[in-house]
Amino acid sequence: MTTIVETQIPDQLWQQAQNMVQQGWINDMDALVAEAIRRYVESHQQILSERFIQDDIEWGLHGED
Amino acid sequence: MAKTETIVIADAGPIIHLDELNSLNLLTDFDKIIIPETVWQEVQHHRSQALHHATDLEFVRQSALHFSAQVDALTPLYTLHAGEQEALHLCFEFENSLLLTDDTAARLAAKNLGVTAHGTLGILVRAIRQQTHSKSEILALLRAIPTQTTLHIRASLLTEVISTVEKNTEV
């Protein structure tokens, strides 16, 4: 199942993305956009965010600097 | 106040969030606060008053001079913004550096690069340990986060954080 989205992307960024597709780094723009979103979601997972906050509190309370 | 030897390399988020809490003075005991040029421009755009705070805190506006291939390699993987990328480059230029960021991707990249990183909440709670602020003062700031800042944190997690700080009897 897929969803069709409409979005605005800065011209320069879009051009860079098109260049990567033309150079064969990825099959097409659909795949590139999906990959970009996937990586964004993976790197912003809430669990990670919350773990970092817990690390902060531990450092804040018991760190050495 | 005695300064630590740590050099802070700051991303935009914590500078903005601490200013929103009128608490940029929590950074004064660090040896140096470097704001990467790209981050400086970002803060200037979103909250310029944070850069001209009327305290004894002085920011060093600095561009990265050396570029780490490791940082460049991780940039697309974590979708790092220009400011986060420049901050990480600068972390490699200074020993004893601490990346100050509230961005999860930047924290993750820092972890992979072996760069020490902490965020706004860590700086707030650290003030109790450093005895620059009382526990009650910091608890008041933590409680003000949802209404006074643009820092997004799940309400129940913030409650947990506050509870942890309240229960901590060592400081």
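Heavy-atom basis, side chains included; hydrogens, waters and symmetry copies ignored. Every chain is numbered from 1, with letters handed out A, B, ... down the list of sequences.
Interface remark: B/L124 contributes no atoms to any contact with chain A (heavy atom separation under 4.5 Å). Heavy atoms closer than 4.5 Å to chain B are found in the side chain of A/Q54, but not in its backbone. At a 4.5 Å heavy-atom cutoff, the contact between B/I123 and chain A is made by backbone and side-chain atoms alike.
Side-chain atoms of A/Q18 and A/Q22 form no donor-acceptor pair, as typed in the model, at a separation below 3.5 Å. For the 3.5 Å distance criterion, the side chains of B/D102 and B/T120 qualify, holding a donor opposite an acceptor. Defined by atom type and a distance below 3.5 Å, a donor-acceptor pair is present between the side-chain atoms of B/Q85 and B/D72.
Sorted by first and then second residue, the ring-ring contact (aromatic ring centres under 6.0 Å, His included) pairs with a member in residues 18-42 of chain B form an empty list; sequence neighbours excluded.
Residues of residues 154-161 of chain B lying within less than 4.5 angstrom of chain A, judged on heavy atoms, are B/R154, B/L157, B/E160, B/V161 in numerical order.
Contact annotation: the side chain of B/Q44 approaches that of B/H52 to within less than 4.5 Å [non-hydrogen atoms, C-beta and beyond].
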Check against side chain to side chain donor-acceptor pair (under 3.5 Å), A/N19 and A/W25: CA-CA 9 Å; A/N19 289 344; A/W25 290 101; over 6 Å; no
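Remark: B/R126 engages B/D29 in a salt bridge, criterion side-chain N to carboxylate O under 4.0 Å.
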